[in-house]
Every structure is written in C-alpha cells, then in structure tokens.
Amino acid sequence: MLTGKQKRFLRSKAHSLQPIFQVGKGGVNDNMIKQIGEALEVRELIKISILQNCEEDRDTVASELSKGARAELVQIIGNTIVLYKESRENKQINLPS
C-alpha cells in the first residue's frame, strides 16, 4: 500500500504525463489489462482516460484496472485515472519513505 506522502509524490510526477490508454464504450477487457500491465512494467506510472461513451462509472473502471494489472490506484481526477506499479526490470521512480 502507498502512503499519503508517496501518493502526493506520484501525483506530482503524473501531472505532466499524457494519458496513454482510453477506456471507451467497450469498457475494460482482458487485452486492455494485459497492455496496461506491460506499459506499467516499462513506465511504472501511467494515466488512463475514460471517454464519455464508457458505460461503467469511473470508480468501477479504476478498480477493475488496478486489480487486473495488480497496480496501485494513485488517484482519479475527472475522467483520468493514475496507476502506479513498481517495475521489476526498469525501476525509475524512487518513492519517499
């Protein structure tokens, strides 16, 4: 689990990122979760935007994605989700303790 301090740190890091995935009408599927897992291994911190036509609410989408990719949900702002997962191969972010 992330502490409040670590979440604040990750939020500041995520501020300049652009969303690299979009959840739309089809909602969350296995292929998307697999791709998000791979992106997290490379980047550790990613943003995902939820499109207007998505039929599930943002909290449901966020929990499905974080559980499926085994990632930490850093925050939900508007229709954007920020996920973090420590990389095994490409560790770039050192969290404050």
Side-chain angles (χ1 to χ4, degrees):
M1 285 300 294
L2 294 171
T3 65
K5 185 177 180 181
Q6 290 169 331
K7 283 189 177 181
R8 279 195 301 279
F9 173 77
L10 290 170
R11 282 201 294 266
S12 70
K13 283 249 186 241
H15 182 74
S16 60
L17 296 177
Q18 290 299 314
I20 58 171
F21 289 99
Q22 294 181 324
V23 181
K25 195 168 172 57
V28 176
N29 58 46
D30 292 342
N31 187 35
M32 179 184 290
I33 287 173
K34 180 174 171 285
Q35 288 181 327
I36 287 172
E38 289 167 1
L40 281 164
E41 176 58 37
V42 174
R43 300 174 182 224
E44 294 190 303
L45 189 65
I46 62 170
K47 274 186 181 174
I48 301 154
S49 62
I50 302 171
L51 301 177
Q52 295 291 317
N53 64 357
C54 183
E55 290 159 1
E56 299 173 17
D57 77 324
R58 62 190 194 166
D59 297 321
T60 307
V61 171
S63 75
E64 283 179 17
L65 291 176
S66 59
K67 279 194 189 89
R70 294 194 186 89
E72 294 278 353
L73 178 62
V74 177
Q75 79 179 141
I76 304 173
I77 301 186
N79 287 331
T80 304
I81 299 168
V82 179
L83 293 180
Y84 168 78
K85 183 179 182 184
E86 189 175 319
S87 172
R88 274 174 264 149
E89 307 293 319
N90 313 308
K91 185 154 172 51
Q92 298 153 341
I93 299 173
N94 290 314
L95 293 175
S97 48

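Because the structure is predicted, anything quoted here is derived from the model rather than measured.
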Cluster question for you: counting only ILVMFWY and a side-chain heavy-atom cut-off of under 4.5 Å, with indirect links fine, are [X] and [Y] together?
| X | Y | answer |
| --- | --- | --- |
| L65 | F21 | yes |
| L10 | L40 | no |
| V23 | L45 | no |
| I36 | I20 | yes |
| L95 | L17 | yes |

Can you confirm whether [X] sits close enough to [Y] that some side-chain heavy atom of one is under 4.5 Å from a side-chain heavy atom of the other?
| X | Y | result |
| --- | --- | --- |
| V28 | I33 | yes |
| I93 | F9 | yes |
| I48 | V61 | no |
| L83 | L73 | yes |

Distance col, row S49:OG vs R58:CZ, nearest 0.5 angstrom, shows 13.5 Å
[X] side chain to [Y] main-chain N or O, any donor-acceptor pair under 3.5 Å?
| X | Y | answer |
| --- | --- | --- |
| N53 | G24 | no |
| K7 | L2 | no |
| Q6 | P96 | yes |

More than 12 heavy atoms of other residues, nucleotides or ligands under 6.0 Å from CG of D30: yes or no?
no
Verify the neighbour count for atom CZ of R11: are there more than 12 heavy atoms of other residues, nucleotides or ligands below 6.0 Å?
yes
With sequence neighbours left out, which residue pairs that include part of residues 69-93 fulfil the side chain to side chain donor-acceptor pair (under 3.5 Å) condition?
E41-S87
Please find the pair of heavy atoms, one from E56 and one from T60, that lie closest to each other, and give the distance.
OE1-CG2, 3.9 Å
